[in-house]
Amino acid sequence: MPELPEVEAAARFLHSQISGRTLLAVTWLHRSLLRNAAADVDTLIGHRVARVVRVAKWQEIVFDDESVLVVHFRMTGDWAVTHRPDPPGHARAHFVFSGARHVWLVDPRVLSRITVRRSGDVDPTSHRIGPDALDPALDAPALRAQFASRRAPIKQVLLDQSVIAGIGNIYAAEALWHARINPWAPAQRLTLARVRRLLDGIRWTLALALDEAGRHRYGTATGRLAVYDREGQSCRRCGAPVARTTQGQRSTYWCRRCQRS
DNA sequence: TATGGCCTGTGG
DNA sequence: CCACAGGCCATA
């Protein structure tokens, strides 16, 4: 579930399910998730949820005393909500809220992470989060400024959450395809016109995915992807076969014909 | 700037 | 059996 659109949809969904409700109990179904946070999470019991918000790819469940349960889905996390205490498959944590809301953190790979931030604590990760990809204040000159010191390939720079927050491996490829930009192009060498196109591509891609995620609430809009996971299939724009390479240990998909340097 | 690790599951 | 998977962090 894990890029900006899916996390945003998950946060909205969870908000609709638990805002105004009280946390009654927490059970851990897998050791690896909590690290040292279990005791901290217990301190949230008895508090009422004020809101659930997305910050980059994190979700913050904010309680009435402004303490925060911080959740990151990483690769395969998701929420499931039931009205009975029967765990769905791969359930790793169980949160019981008033009104018989059973919230399950479902994560086959168990890479999700949960921490607690007490009111007044400084978010230790906040300084490493760049502008949100959907922040209206992020315009092309601002994004270009973020790229200025980055000579790495643009595909890898898009995955750096301190440069721009919310984009992951799928939508980086999709956005570059929309913008007709070669994934290997050094980020700092992109002209303003290209950065503008890229920002358009990012927003188009994320908006489409958010719309999709809001209605399906799980999985990616894989049927509508232009290049990701389509190696050898024809480019939806020019018909040339989609290529695949590796950048920074991650797969990159792109069209050799319409995404030249 | 790269590499391995975290975990488990799926598909070739 | 192996390669690979929507993310991030620690380490060298």
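In this text, all values refer to a predicted model and were calculated from it rather than measured experimentally. Throughout, protein chains are lettered first and strands after them, A, B, ... in sequence-line order, and every chain is numbered starting at 1.
OP1 or OP2 of C:dC9 sits under 4.0 Å from a side-chain N or O of A:R128. One finds no side-chain N or O of A:R31 lying less than 4.0 angstrom from the OP1 or OP2 phosphate oxygen of B:dC7. At the phosphate of C:dG7, neither OP1 nor OP2 sits under 4.0 Å from any side-chain N or O atom of A:Q161. The shortest distance between the side-chain N/O atoms of A:S251 and the OP1/OP2 oxygens of C:dA5 is below 4.0 Å. Between C:dG6 and A:R74, no contact under 4.0 Å exists linking OP1 or OP2 to a side-chain N or O.
Under the rule for a side-chain contact (heavy atoms from CB on, under 4.5 Å), the partners of A:E231 that lie at least two apart in sequence or sit in another chain are A:R244, A:Y253. For A:H94, the side-chain hydrogen bond (donor to acceptor under 3.5 Å, both in side chains) partners at least two apart in sequence or on another chain are A:H102. Evaluation of the side-chain contact (heavy atoms from CB on, under 4.5 Å) rule for A:P108 yields A:T76, A:H90 as partners, not counting sequence neighbours. Contacts of A:R260 classified as side-chain contact (heavy atoms from CB on, under 4.5 Å), with partners at least two apart in sequence or in another chain: A:R257. Evaluation of the side-chain hydrogen bond (donor to acceptor under 3.5 Å, both in side chains) rule for A:Q259 yields no partner, not counting sequence neighbours. In this structure, the side-chain contact (heavy atoms from CB on, under 4.5 Å) partners of A:D132, at least two apart in sequence or on a different chain, are A:L4, A:R54, A:L134, A:D135.
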Mind listing the side-chain donor-acceptor pairs of residues 186-201 of chain A below 3.5 Å, one per line with the distance, residues two or more places apart or on another chain?
unit_1, atom_1, unit_2, atom_2, d
A:T191, OG1, A:R194, N, 3.2
A:R197, NE, A:A179, O, 2.9
A:R197, NH2, A:A179, O, 2.7

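Paired regions of DNA chain B, where each region holds three or more successive Watson-Crick or G-U pairs whose two hydrogen-bonding distances fall under 3.5 Å, are B:1-6 with C:7-12, B:8-12 with C:1-5.
Here A:L29 is tied into one hydrophobic group with A:W104, A:V106, each link being a pair of ILVMFWY side chains closer than 4.5 Å.
Per the geometry, CG belonging to A:D107 stands 13 Å off P belonging to C:dG7, to the nearest Å. In this structure, A:W58 atom CH2 and C:dC8 atom P are separated by 6 Å, rounded to whole Å. Distance, A:Y228 OH to C:dC4 P: 12 Å, rounded to whole Å. Across the protein-nucleic acid pair, A:Q247 atom CD and C:dG7 atom P stand 14 Å apart, rounded to whole Å. In this structure, the CG atom of A:L225 is 12 Å from the P atom of C:dG6, given to the nearest Å. Separating the CZ atom of A:R113 from the C1' atom of B:dT8 is a distance of 13 Å, rounded to the nearest angstrom. In this structure, the CD1 atom of A:I114 is 16 Å from the C1' atom of C:dC8, given to the nearest Å. The separation between A:I129 atom CD1 and C:dC8 atom C1' is 12 Å, rounded to whole Å.
Counting only residues at least two apart or in different chains, side-chain hydrogen bond (donor to acceptor under 3.5 Å, both in side chains) contacts with residues 37-46 of chain A comprise A:T43-A:R118.
With rounding to the nearest 0.5 angstrom, the OH atom of A:Y228 is 6.0 Å from the OG atom of A:S251. Distance check, rounded to the nearest 0.5 Å: CG of A:L105 to CD of A:Q59 gives 9.0 Å.
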Below 3.5 Å is the cut-off: list the nitrogen or oxygen pairs between protein and nucleotides 1-3 of chain B, distance only.
unit_1, atom_1, unit_2, atom_2, d
B:dT3, OP2, A:Q249, OE1, 3.2

What N/O pairs connect the protein and nucleotides 9-12 of chain B at under 3.5 Å? Give each pair on its own line.
unit_1, atom_1, unit_2, atom_2, d
B:dG9, OP1, A:H90, NE2, 3.4

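Residue A:M75 places its side chain closer to C:dG7 than to any other of C:dC4, C:dG7, B:dT8. When distances run from any side-chain atom of A:N169 to the nucleotides B:dC7, C:dG6, C:dA5, the shortest one goes to C:dG6. Listed nucleotides: B:dT8, B:dC6, C:dC4. Nearest to the side chain of A:R244: C:dC4.
Annotation: B:dC7 and C:dT11 have their P atoms spaced 15 Å apart (nearest Å). Taking the P atom of each, C:dA3 and B:dG4 are spaced 13 Å apart, rounded to whole Å. Rounded to the nearest Å, the gap between the C1' atom of B:dT1 and that of C:dG6 is 23 Å.
A donor-acceptor pair shorter than 3.5 Å can be found between the side chains of A:K155 and A:N169.
A salt bridge does not link A:D107 to A:R74: none of the charged nitrogens lies less than 4.0 Å from a carboxylate oxygen.
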